[in-house]
**Q** 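Below is a structure I'd like to ask you about.
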Protein chains: 2
Amino acid sequence: MKALSIKDIAVKANVSITTVSFIINGKAKEKSISEAVIEKVEKIIEESGYKPNQIARSLRTGNSNIIGLIVEDISNSFFAKIARLIEDKAYKRGYKIIYSSTENSIAKAQELINMFKSRKVDAYIISPIKGLEEDIQILLNDDKPVILFDRNLPDLSTNYVGANHFSASYQSIENFIEQGKKKIALVTTDIDVQQITERLEGYKKALVDYGLPYDESLVLKIHFNQDEKDTISQMESLFKDQQIDAVLFATNYLAISGLKVLKQIKKQIGADFSVIAYDDHEAFELHTPGISTVQQPLEEIAENVIQLILSQLSSKSKLPNQQIIIPAKLILRD
Amino acid sequence: MKALSIKDIAVKANVSITTVSFIINGKAKEKSISEAVIEKVEKIIEESGYKPNQIARSLRTGNSNIIGLIVEDISNSFFAKIARLIEDKAYKRGYKIIYSSTENSIAKAQELINMFKSRKVDAYIISPIKGLEEDIQILLNDDKPVILFDRNLPDLSTNYVGANHFSASYQSIENFIEQGKKKIALVTTDIDVQQITERLEGYKKALVDYGLPYDESLVLKIHFNQDEKDTISQMESLFKDQQIDAVLFATNYLAISGLKVLKQIKKQIGADFSVIAYDDHEAFELHTPGISTVQQPLEEIAENVIQLILSQLSSKSKLPNQQIIIPAKLILRD
DNA sequence: TTGATGTAGTAAAACGATTTACTATAACCA
DNA sequence: TGGTTATAGTAAATCGTTTTACTACATCAA
């Protein structure tokens, strides 16, 4: 049982294919199709359950109503939640999302971009990694809307939506210092992206502003896709060897590993030892004691991303690039 | 700068479009194209960076190399993780995933199926809800591979991959009973799917087998998409009013809400009060004390789903339906 | 020499829509 | 009356592939 085509509808209604097409696309009025014909055709479409073949449509019009979403790892709760919000909002506007995870591999990301390109996606939402600049520039040269989020590539002039990581990190350290902490560690990753660098910069600046020394041995840079076992042993030695009284984790999965370590070595979080995690997670709220976190405004990020995409898609002239920086919130728990 | 087409390549190589197409699709040998021509064309393709337009390809061949994935909520960590595993495995075999969340709405799920249909996805992976039987049957009549996972629809004869929920639930209760628990509660949802019903059945059966009474007031059925506030207050009264000494949560998000309640009302988990959660979550491992959980074998589920899809896609004759039930593991923590 | 078989390749139809340029009739006005 | 405009609609080109059916020539066997 083959699917119905526009031709079948045309034959049934005894009108031309063109007429049916005009009606489907709401151009009937402007193309002066009579009310009677419109009704007849619509009735037939309704009754037969005909749905236009989107592939044929895409081939002809050159756009697919699909938005490509490229993230580091869709199973990370931060990306999963953003993806869900973006999907919802896109869906309401008639766009579908097709996504993939890069696993922080440039090669995989490039492949993905090519794949999306050959599928003629209308726009790209990318949480990029360094090394992708050229590939993204090609998309931009093609006049495809590209929105970077979470991470920026400063060499590229395009749209970006992200949180103010510098200030969030600064505030976190400030909070530690106000509690009287002296030896504050930072556990971060070695991914070379602005968003991560900013977190380090905020950390440094806060220390300096409050007259504390910046001590490199208190900054642990975890290699981005190493085994969790190694991560855990690195953190273990950091926490054991140094007289640390506070630690800021620069990502939620690092914080989760970190909390596992603390549990293992039975180090109590409390008055003597404070923790702040980056990006909220159910585990932080439920933890005893509750773990303070830097909360990125997911809803706002998603909304801004979609707004940027839609305004670009609907305007034929190139819009000026926007860099939208949204403040992150420090949620204190005890 | 328009993208290159097969025609551009044909002109450059001074051969016909047909020849180029044969070469691209590895049919050169069988169509007796000379080695010299093959090399020439491949060189030009390589140098020009030509990539076939997948849309045109799909239109002609009727398949898209896209697999549609429909889940309840992609931001739920269970689905996010499964999605990531499925995506990885599909990607390695040249398939892309396009996904969407149903939010447990039949209407949305139907819309999604239609959307996927008009996009000509090659196969469907669906975590279904009741009320979708007819729509899925239509796909089956169309000879499209459909794999249900996590939840089954018994009225439908198709492929299914899921965990053994009855036995997992039974074991959990058994474990409570062996610890000497007498008043064991079950917090579940009112979604009417087999997977949820089985968890209830396992609960009942274990009680009966061990000579404990089945008490309806100990089973709390939470309405599936109600506000978390309401859920929390319902659980609160369950935990406060009854002399419960153990509780099994039938989903991970219910367990998370439940743990919040326990924290709020300062009820300690320990010797007097045991908890088991369904579907693991980082929060359970980190919780103090650690929360025991029923772990579904995500990797195995994903692998079986993909295997089923691929074998269906590669065989032209209809394969017999398979129901793959994988044991879930009870992970005890303290 | 003829018919069969193999080699090397091509022309054109088809997939299912959109869109441009066109026709035919009616209505209107000066 | 004839020219213009509005109304109602259609034929055919097009998007970029795949695939079927074909041609043209060479070789071989009988």
Side-chain angles (χ1 to χ4, degrees), chain A residues 1-42 44-45 48-66 115 117-122, chain B residues 1-42 45 48-66 115 117-122 142:
Chain A
M1 190 191 57
K2 294 221 351 130
L4 290 169
S5 77
I6 193 170
K7 194 174 167 189
D8 299 320
I9 304 297
V11 168
K12 265 191 228 215
N14 203 25
V15 297
S16 74
I17 291 179
T18 311
T19 302
V20 178
S21 174
F22 285 153
I23 292 172
I24 291 171
N25 292 288
K27 296 190 182 158
K29 282 277 145 53
E30 136 200 4
K31 297 290 179 177
S32 60
I33 307 294
S34 71
E35 202 52 58
V37 171
I38 296 182
E39 261 172 44
K40 177 173 62 175
V41 171
E42 279 177 344
I44 292 175
I45 290 178
S48 63
Y50 163 74
K51 295 268 185 281
N53 179 324
Q54 296 295 338
I55 303 267
R57 226 177 216 185
S58 289
L59 179 59
R60 178 60 231 236
T61 62
N63 45 46
S64 57
N65 278 327
I66 292 188
M115 177 146 282
K117 219 192 296 184
S118 68
R119 290 241 140 74
K120 306 287 165 194
V121 306
D122 292 353
Chain B
M1 191 191 56
K2 292 214 1 121
L4 291 169
S5 77
I6 195 171
K7 193 174 169 190
D8 299 319
I9 304 297
V11 168
K12 263 191 232 223
N14 202 26
V15 296
S16 75
I17 291 180
T18 311
T19 303
V20 177
S21 174
F22 285 154
I23 294 173
I24 291 172
N25 293 289
K27 296 191 182 159
K29 283 277 144 55
E30 134 199 8
K31 297 291 178 177
S32 61
I33 306 296
S34 70
E35 202 51 59
V37 170
I38 296 182
E39 262 174 42
K40 178 173 65 174
V41 171
E42 278 179 345
I45 289 177
S48 63
Y50 162 74
K51 296 265 184 286
N53 180 324
Q54 296 294 339
I55 303 268
R57 220 173 220 188
S58 290
L59 178 58
R60 179 59 231 239
T61 63
N63 45 45
S64 58
N65 278 327
I66 292 187
M115 177 146 283
K117 217 191 299 182
S118 69
R119 290 240 139 77
K120 306 287 164 194
V121 305
D122 292 352
D142 258 14

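Computation of the quantities below employed the complete heavy-atom set of this structure, encompassing side-chain atoms and omitting hydrogens, waters and symmetry-equivalent molecules. In this text, all values refer to a predicted model and were calculated from it rather than measured experimentally. We name chains A, B, ... by the order of the sequence lines, and we start the count at 1 in each one.
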**Q** Measure the spacing between NZ of B:Lys51 and NZ of A:Lys117 and express it to the nearest 0.5 Å.
**A** 8.0 Å

**Q** Closest approach to the side chain of A:Ala56, judged atom by atom: which nucleotide of C:dA17, C:dA8, C:dG9 is it?
**A** C:dA17

**Q** Using atom names, set out every protein N or O paired with an N or O of nucleotides 23-26 of chain D below 3.5 Å, distance rounded to 0.1 Å.
**A**
none

**Q** How long is the span from the NZ atom in B:Lys7 to the OG atom in B:Ser16, to the nearest 0.5 Å?
**A** 12.5 Å

**Q** Please find the pair of heavy atoms, one from A:Ser58 and one from A:Ser64, that lie closest to each other, and give the distance.
**A** OG-CA, 3.4 Å

**Q** If you count heavy atoms of other groups shown closer than 6.0 angstrom to CG of B:Asn14, is the number above 12?
**A** no

**Q** How long is the line joining NZ of A:Lys29 and C1' of D:dT7, in whole Å?
**A** 14 Å

**Q** When you match B:Ser32 and B:Lys120 each to their closest nucleotide on DNA chain C, which lands nearer the 5' end?
**A** B:Ser32

**Q** Under 4.0 Å between a side-chain N/O of B:Tyr50 and OP1 or OP2 of D:dG16, yes or no?
**A** no

**Q** What contact category does B:Thr61 fall into here, base, sugar-phosphate, or nothing, at under 4.0 angstrom with non-hydrogen atoms?
**A** sugar-phosphate

**Q** What's the CZ-P distance between B:Arg119 and C:dG16, to the nearest Å?
**A** 17 Å

**Q** If I take atom NZ in residue A:Lys7 and atom C1' in nucleotide C:dC15, what distance separates them, rounded to the nearest angstrom?
**A** 12 Å

**Q** Applying side-chain contact (heavy atoms from CB on, under 4.5 Å), name anything that partners A:Ile24, two or more places apart in sequence or on another chain.
**A** A:Ile6, A:Val20, A:Ile45, A:Tyr50, A:Pro52, A:Arg57

**Q** Can any side-chain N or O of B:Asn53 pair as donor or acceptor with the backbone N or O of B:Ile55 at less than 3.5 Å?
**A** yes

**Q** Over how many whole Å does the gap from B:Gln54 atom CD to C:dC15 atom C1' extend?
**A** 15 Å

**Q** Hey, does B:Arg119 have a side-chain heavy atom less than 4.5 Å from the side chain of A:Ile66?
**A** yes

**Q** Take atom CD1 of B:Ile55 and atom C1' of C:dG16, then tell me their distance rounded to the nearest Å.
**A** 13 Å

**Q** Nearest to the side chain of B:Leu59, heavy atoms from C-beta on, is which of D:dA13, D:dT17, D:dG16?
**A** D:dG16

**Q** More 5' along DNA chain D: B:Lys31 or B:Asn53, using each one's nearest nucleotide?
**A** B:Asn53

**Q** Expressed in angstrom and rounded to an integer, what is the separation of A:Arg57 atom CZ from D:dG16 atom P?
**A** 19 Å

**Q** Below 4.0 angstrom, which residues in residues 10-26 of chain B have at least one non-hydrogen atom near DNA chain D?
**A** B:Ile17, B:Thr18, B:Ser21, B:Phe22, B:Asn25

**Q** Base of D:dT14, side chain of A:Arg60 - is there a donor-acceptor contact under 3.5 Å?
**A** yes

**Q** Once you round it to whole Å, what is the distance between C1' of C:dT7 and CD1 of B:Ile38?
**A** 13 Å

**Q** Check every strand shown and say whether A:Lys27 touches a base, only sugar-phosphate, or nothing at a heavy-atom separation below 4.0 Å.
**A** sugar-phosphate

**Q** Going from CD1 on A:Ile44 to CD1 on A:Ile23, what distance comes out if it is rounded to the nearest 0.5 angstrom?
**A** 9.5 Å

**Q** Nearest whole Å is fine: how far is D:dG9 P from A:Glu30 CD?
**A** 15 Å

**Q** Does A:Lys40 come within less than 4.0 Å of A:Glu35, counting only side-chain N to carboxylate O?
**A** no

**Q** Quick one: CG on A:Asp122 to OG1 on A:Thr61, what's the gap to the nearest 0.5 Å?
**A** 8.0 Å

